[in-house]
Amino acid sequence: MKKISFTLLFLVCAIGFATAQSKDVAKMLKVPDTYNRSSVTLLVLDFPGDYHYNSVRNNLKTLVFSDKYYNNNLNFITLNSPYERSYIGTNKADLILKSLKEKRVANEIVAKWYSMDSQGKMSLDLVHSRGMFNATDEAFLEAKTTKRGNAQLEDFGNRLIDMSYVVVADFYDIKSMEEAKVKDSRGWQANVQTYLYKIDFNEEIRNKIYDNWIFDEDTPEVKDSKRAALAKIEIPLVFVTTSMNTASESVSTKTTSIPLVGSKKPKTDDELMAKMIQDAYNEILYNLEMKVEDFKVITSINGVNPIRAKIGKKEGIKTDYRFFAYEYVYDEKSNLTTQKLRGVIRSTPKIADNVQVATGKSPTTEFYQTCGRRLQNGYLLQQRNDFGGELSAGYEIGEIGGIYGRLDLRMGRYVGVKALFLYIEGGYESKAYNTVTFKFTRYGGGLAKGLQLTRNSELRPYVGLGLEETKNASQIKQSTLYFKGGANLGINIKHNVQLIGGVGYYMTGDTKDENDVSYGDWDAVYDGRSGMSILAGIRIGF
């Protein structure tokens with residue numbers, strides 16, 4: 001009874017948590033109608049005395065930057081840390097901001113936008129070209145109907161300067177796998193603290209720059225005066241947010257006598273470090289996209305059956321990225337138009353290669369729907385990244401049963417396969433055999449593949465391996481390996497909550513104790529402990 005009560009309590013808490021999340025979605029600020037591409041300048045805090053830091057610094061040159069953001073990197077990528085590694089104060093973001101201002105990073109970035117040379121002479125070529133690249137097909141077609149034509153598209157560039165961001169990354173606790181005591185593995189792991197800042201390119205600053213624009217016909221005295229005025233301009237930089245994530249990259253050091261056909265040469269330590277840095281950079285941006293509105297792609301549905309939109313590699317889209325779909329609804333009583341959440345979709349591997357200036361005929365990315373009503377052309381889409389995790393809790397009934405929990409991790413953005421999950425599971429059951437009560441604990445993992453049956457239901461077949469253990473009547477620990485296959489059906493309650501029911505089949509093996517002594521088949525030692533189980537529970541996505 002206690003087990004069932006615990007499970008019910010968990011389910012009630014889970015529903016409450018998920019409902020609160022849905023209310024947060026309903027209360028959020030109005031989603032903007034348009035999306036403008038942000039630019040990112042990456043800087044890495046320099047700690048020359050840190051163990052392994054030189055390896056980080058030396059491998060920054062291999063970093064591949066995201067297509068989603070304009071690359072505003074400067075002629076330096078490291079920033080001397082304004083504090084020692086041992087510093088434990090809570091004002092690190094402020095100290096970094098002070099250092100950025102002293103180094104005039106914001107001025108350097110704006111100078112890059114305007115292609116400013118050593119004499120203070122500027123050009124609008126980059127601003128205009130980025131404005132053209134940022135423009136959507138809709139903006140392109142609209143511009144064709146106006147007298148200004150491409151000049152209107154080029155003007156978009158001026159809006160983009162105010163969307164310039166600085167990402168400062170701090171790699172710390174850098175360890176080799178050997179130092180981290182990870183067996184049979186070679187590579188690296190690290191923690192990464194990220195600080196995000198934004199340039200405040202307001203109208204006052206913009207006017208100061210334009211008032212001191214240097215022209216060829218200016219006299220030497222006027223040019224000198226303008227250069228002096230430009231040098232005095234202090235472009236504001238403001239702190240936005242911070243985030244933390246971990247990164248690791250490794251290869252197995254286990255040897256095998258079986259030659260692998262087509263096997264590649266093992267990666268060097270430097271190559272593993274470079275890959276870890278690349279993965280960390282990708283995760284930094286993904287996490288920031290959850291928090292920063294300017295980083296969330298906004299577009300509209302361009303077609304249905306299947307759902308399509310004119311975004312793709314240009315916006316950094318990867319498989320299983322999540323988008324919310326909104327409809328504009330007119331309220332006669334209030335005489336206002338509001339946005340209503342109508343569905344949730346995710347990108348398929350069919351991602352458009354649209355890294356080009358809009359022509360009015362941009363290719364489209366295909367999506368599949370995971371929640372909501374039937375969507376229509378023109379509905380507004382906003383990128384809403386999630387961690388890709390789903391936590392399930394429930395109760396199994398059958399030959400093997402009891403309290404059950406499982407964590408599914410969505411792998412689409414890493415491997416390019418939609419609705420592919422890596423899962424880990426655990427369970428507990430207390431069961432009597434011949435008047436003796438045994439406590440069984442099991443845990444395992446495997447792969448699952450989601451199959452969307454309808455907009456609001458999904459079948460998820462899975463296969464995996466695990467270990468079940470208990471103590472016999474003599475208090476000797478015994479265990480067995482098991483193979484499990486089955487499928488769970490999920491039905492939506494909310495966009496991130498599902499009721500689940502499923503059927504699984506456990507195939508257990510030999511019984512061994514802690515001294516590797518064999519006792520025969522598990523389901524012979526513990527009568528019938530192998531076979532079908534039925535699951536009921538709830539699943540929450542986050």
Side-chain angles (χ1 to χ4, degrees), residues 37-54 56-57 59-60 63-66 68-113 160-174 189-202 234-248 276-296 316 385 387:
R37 179 179 296 261
S38 299
S39 66
V40 167
T41 301
L42 175 67
L43 294 172
V44 177
L45 283 187
D46 197 359
F47 287 93
D50 267 18
Y51 198 40
H52 297 311
Y53 181 78
N54 285 342
V56 172
R57 185 196 295 114
N59 283 283
L60 289 173
L63 198 56
V64 178
F65 298 98
S66 172
K68 180 177 178 179
Y69 304 96
Y70 292 121
N71 181 350
N72 264 359
N73 284 337
L74 306 174
N75 58 4
F76 57 92
I77 197 170
T78 59
L79 178 72
N80 291 334
S81 175
Y83 50 85
E84 298 294 329
R85 178 57 77 197
S86 58
Y87 183 70
I88 59 173
T90 58
N91 63 333
K92 291 181 179 179
D94 294 332
L95 294 175
I96 294 172
L97 178 58
K98 182 180 178 182
S99 183
L100 292 172
K101 290 180 178 179
E102 289 173 352
K103 204 166 177 62
R104 292 175 64 83
V105 167
N107 289 64
E108 291 277 346
I109 292 170
V110 173
K112 181 169 184 175
W113 271 102
L160 303 181
I161 302 177
D162 190 43
M163 299 181 70
S164 300
Y165 287 84
V166 180
V167 173
V168 180
D170 176 13
F171 287 80
Y172 65 99
D173 284 346
I174 308 163
Q189 67 177 36
N191 293 323
V192 189
Q193 186 74 42
T194 304
Y195 304 89
L196 183 69
Y197 302 87
K198 180 183 180 296
I199 288 178
D200 180 14
F201 194 67
N202 54 58
E234 293 290 341
I235 298 177
L237 195 63
V238 295
F239 173 69
V240 179
T241 189
T242 185
S243 69
M244 198 282 285
N245 60 286
T246 59
S248 65
M276 185 195 75
I277 294 171
Q278 183 68 58
D279 290 346
Y281 167 78
N282 294 340
E283 286 301 303
I284 285 170
L285 293 183
Y286 189 83
N287 290 339
L288 290 176
E289 285 162 4
M290 296 186 197
K291 297 182 176 183
V292 183
E293 290 297 312
D294 284 350
F295 287 4
K296 297 175 182 178
N385 289 357
F387 289 106

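The line from CG of Leu160 to CG of Asp294 is 10.5 Å long, rounded to the nearest 0.5 Å. With rounding to the nearest 0.5 Å, the separation of CG in Leu196 from CG in Asn287 is 12.0 Å. Of the inter-residue distances, the one linking Ile161 atom CD1 with Tyr70 atom OH reads 11.5 Å to the nearest 0.5 angstrom. Atom CG of Asn202 and atom CD1 of Ile199 lie 11.5 Å apart (nearest 0.5 Å). Between atom CG of residue Asn91 and atom CG of residue Leu97 there is a gap of 11.5 Å, rounded to the nearest 0.5 Å.
Counting heavy atoms of neighbouring residues, nucleotides and ligands inside a 6.0 Å radius, atom OH of Tyr172 exceeds 12 of them.
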Side chain to side chain contact (heavy atoms under 4.5 Å, CB included) between His52 and Phe171, worked out: CA-CA 10 Å; His52 297 311; Phe171 287 80; over 6 Å; no

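The side-chain heavy atoms of Leu63 and Leu42, taken from C-beta on, include a pair separated by under 4.5 Å. Side-chain contact check for Val166 versus Tyr195: every heavy-atom pair is 4.5 Å or farther apart.
For the side-chain hydrogen bond (donor to acceptor under 3.5 Å, both in side chains) test, residues two or more places apart in sequence or in another chain that qualify with Tyr69 are Glu289. Taking the salt bridge (charged side-chain N to carboxylate O under 4.0 Å, His left out) definition, one finds that Lys92 meets it with nothing, sequence neighbours left out. Partners of Ser39 according to the side-chain hydrogen bond (donor to acceptor under 3.5 Å, both in side chains) rule, which considers only residues two or more places apart in sequence or in another chain, are Asn72, Ser164. Residues that satisfy the ring-ring contact (aromatic ring centres under 6.0 Å, His included) test with Tyr281, not counting sequence neighbours, are Phe65. Considering only residues two or more places apart in sequence or on other chains, Pro82 meets the side-chain contact (heavy atoms from CB on, under 4.5 Å) condition with Leu45, Leu95, Ile96, Ser99. Residues forming a side-chain hydrogen bond (donor to acceptor under 3.5 Å, both in side chains) with Arg85 (at least two apart in sequence, or on another chain): Asp50, Asp170. Tyr87 meets the ring-ring contact (aromatic ring centres under 6.0 Å, His included) test with Tyr83; sequence neighbours excluded. For the ring-ring contact (aromatic ring centres under 6.0 Å, His included) test, residues two or more places apart in sequence or in another chain that qualify with Tyr165 are Phe295.
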Hey, can you pull the donor-acceptor pairs under 3.5 Å for the side chains in residues 238-248, sequence neighbours left out?
residue, atom, partner, partner atom, Å
Thr242, OG1, Gln193, NE2, 2.8
Thr242, OG1, Thr194, O, 2.6

Would you give me the side-chain donor-acceptor pairs under 3.5 Å for residues 104-112, sequence neighbours excluded?
residue, atom, partner, partner atom, Å
Arg104, NH1, Glu234, OE2, 2.9
Arg104, NH2, Ala231, O, 3.2
Arg104, NH2, Ile233, O, 3.4
Asn107, OD1, Ile235, N, 3.4
Asn107, ND2, Ile233, O, 2.7
Lys112, NZ, Asn73, O, 2.5

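Note on residues 39-49: pairs passing salt bridge (Lys or Arg N to Asp or Glu O under 4.0 Å), not counting sequence neighbours, are Asp46-Arg57.
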